[in-house]
Amino acid sequence: MSGLLKGKNILIMGVANKRSIAWGIAQELHKHGANLAFTYVGERSLTNLEKLLSDDMKDAKVYECDVTNDENVAEVFGKLKEDVGVLHGLVHAIAHSKKEELAGNFYDTSRDGFKLANDISAYSFVLVTKHAQEIMTEGGSILTLTYLGAERAIPNYNVMGVAKAALEASTRYLAKDLGEREIRVNAISAGPIKTLAARGVKDFNDLLKQAEDKIPRGRTVDPKEVGGTAVFLCSDLSTGVTGEVIHVDAGFSMVG
């Protein structure tokens, strides 16, 4: 095991199941020595998470966190402070939209659907960063996950593209705010990966096939490859990197 993250306390928010990008990140951070904690929302999420943690990470702290509830978020970070004292890293892998908004024309987006996608997918990052930075007294790294749909009009991605664009802008503003505290804030733009969230986008399999046809190596990335970049961004190797959107997509953004 590499000691790149030995002694680092890192909170991961957004593991849904074994195919989650967040889980791929968790595995890589753990491999490099990080002490991990996790959040979940709902009983199904907890059941899936407990199964994943049953072996090597069975001692990890787990907290229920509803990012639409300000009081609950504050409570979670209060408990985290009691349990670990100092936080060194945060991985925000939370996004959500109504499924009906991820098909057809963007101009048909409902007001409620627009609010929901931006609240959970973008504002939640601002909110959890506000609380995380209070216990990141030794500096550290905050990460979020975005996608090419923030930069380009991807078919059916619609309101999630707008939410991810807001998320990327938030990354830059948060990086500006926290730079003097030696807290870095970055985003990883992962290529298309078969996750539970991705399957909500209409015709996602067609999008995946198109990506595979264009990517120079002929296949998309997997969650552990995204995890490798997360290890770099959470480690002291990346102390000079903040406010960035790093593409981990095997070149898809270059040729797609």
Side-chain angles (χ1 to χ4, degrees), residues 10-14 20-22 24-26 28-29 67 89-97 117-130 132-133 136 139-155 157-179 181-193 195 197-198 201 207-208 211 214-216 220-256:
I10 300 176
L11 177 66
I12 300 181
M13 311 181 75
S20 297
I21 296 175
I25 290 174
E28 293 303 300
L29 297 184
V67 294
L90 169 70
V91 177
H92 171 275
I94 298 172
H96 182 67
S97 170
N118 282 273
D119 183 19
I120 296 179
S121 309
Y123 179 71
S124 68
F125 185 51
V126 180
L127 179 62
V128 300
T129 296
K130 174 183 177 180
Q133 58 89 25
M136 296 181 77
S141 176
I142 297 176
L143 305 180
T144 191
L145 296 178
T146 184
Y147 176 61
L148 188 62
E151 305 171 45
R152 303 185 185 182
I154 302 295
Y157 202 59
N158 294 354
V159 71
M160 279 305 303
V162 174
K164 292 296 188 181
L167 180 68
E168 292 185 8
S170 298
T171 298
R172 291 185 284 272
Y173 280 97
L174 292 169
K176 176 186 70 67
D177 286 350
L178 298 176
R181 301 267 310 281
E182 295 295 332
I183 298 173
R184 311 181 302 282
V185 186
N186 293 287
I188 296 176
S189 183
I193 297 174
T195 63
V201 179
L207 176 66
L208 192 65
K214 293 180 179 179
I215 289 173
T220 58
V221 294
D222 63 42
K224 287 189 177 181
E225 289 177 302
V226 180
T229 300
V231 169
F232 163 70
L233 289 173
C234 286
S235 77
D236 291 341
L237 294 176
S238 66
T239 54
V241 181
T242 194
E244 293 292 332
V245 176
I246 299 178
H247 293 88
V248 183
D249 59 8
F252 179 55
S253 55
M254 171 183 68
V255 299

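None of these values were measured; they are calculated from a predicted model. For the numbers below, each heavy atom of this structure counts, side chains included, while hydrogens, waters and symmetry mates do not.
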Let me see the working for Thr146 and Ile188 under side-chain contact (heavy atoms from CB on, under 4.5 Å), right down to the final yes or no.
CA-CA 6 Å; Thr146 184; Ile188 296 176; over 6 Å; no

Between Leu90 and Val128, does a side-chain contact (heavy atoms from CB on, under 4.5 Å) hold up when you go through it step by step?
CA-CA 9 Å; Leu90 169 70; Val128 300; 3.8 Å; yes

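In this structure, the separation between CD1 on Ile10 and CG on Leu143 is 8.0 Å, given to the nearest 0.5 Å. Between Lys130 atom NZ and Leu178 atom CG the span is 12.5 Å, to the nearest 0.5 Å. Note that OG1 of Thr229 is 11.0 Å distant from CG of Asn186, once rounded to the nearest 0.5 Å. Atom CG in Leu174 sits 9.5 Å away from atom OG1 in Thr144 (nearest 0.5 Å). In this structure, NZ on Lys164 lies 9.0 Å from OG on Ser189, to the nearest 0.5 angstrom. Taking CZ of Arg181 as the start and CE of Met136 as the end, the distance is 8.5 Å to the nearest 0.5 Å.
The shortest side-chain heavy-atom distance between Thr242 and Ile183 does not fall under the 4.5 Å cut-off. The shortest distance between side-chain heavy atoms of Val67 and Phe125 does not fall below 4.5 Å. Inter-residue side-chain proximity for Ile21 and Leu145 is flagged as met; some heavy-atom pair is nearer than 4.5 Å. Using a 4.5 Å heavy-atom threshold, the side chains of Leu29 and Val231 count as touching. In this structure the side chain of Ile25 reaches within 4.5 angstrom of the side chain of Val226, judged on heavy atoms. Annotation: side chain of Ile246 is in contact with side chain of Leu233 (closest heavy-atom distance under 4.5 Å). Contact annotation: the side chain of Glu151 approaches that of His247 to within less than 4.5 Å [non-hydrogen atoms, C-beta and beyond]. When side chains are defined from C-beta on, Phe252 does not count as touching Thr220, because their heavy atoms never get closer than 4.5 Å.
Looking only at distances, a side-chain donor or acceptor of Glu225 sits under 3.5 Å from a matching main-chain atom of Asp222. Ser253 contributes no side-chain N or O that, together with a main-chain N or O of Asp249, makes up a donor-acceptor pair within less than 3.5 Å. Checking side-chain atoms of Asn118 against main-chain N and O of Ala122 turns up no donor-acceptor pair under 3.5 Å. A donor-acceptor pair under 3.5 Å links the side-chain atoms of Arg184 to the main chain of Ser238, judged by distance alone.
Nearest heavy atom pair, residue His92 against residue Ser124, reads NE2-OG, 2.8 Å. Heavy atoms only, all atoms of each residue included: Pro223 and Ser20 are closest at CB-O, 3.9 Å. Nearest approach of Ala250 to Pro216, heavy atoms of both residues: O-CD, 3.6 Å. Between Met160 and Ala95 the shortest heavy-atom distance is CE-CB, 3.7 Å. Pairing each heavy atom of Ser170 with each of Val126, the nearest pair is OG-CG2, 3.9 Å.
Between the side chains of His96 and Ser121, no donor-acceptor pair of N or O atoms lies under 3.5 Å.
Tyr147 and Tyr157 have perpendicular rings, their planes meeting at more than 60° on a 0 to 90° scale where under 30° would count as parallel.
Partners of Arg172 by side-chain hydrogen bond (donor to acceptor under 3.5 Å, both in side chains), not counting sequence neighbours: none found.
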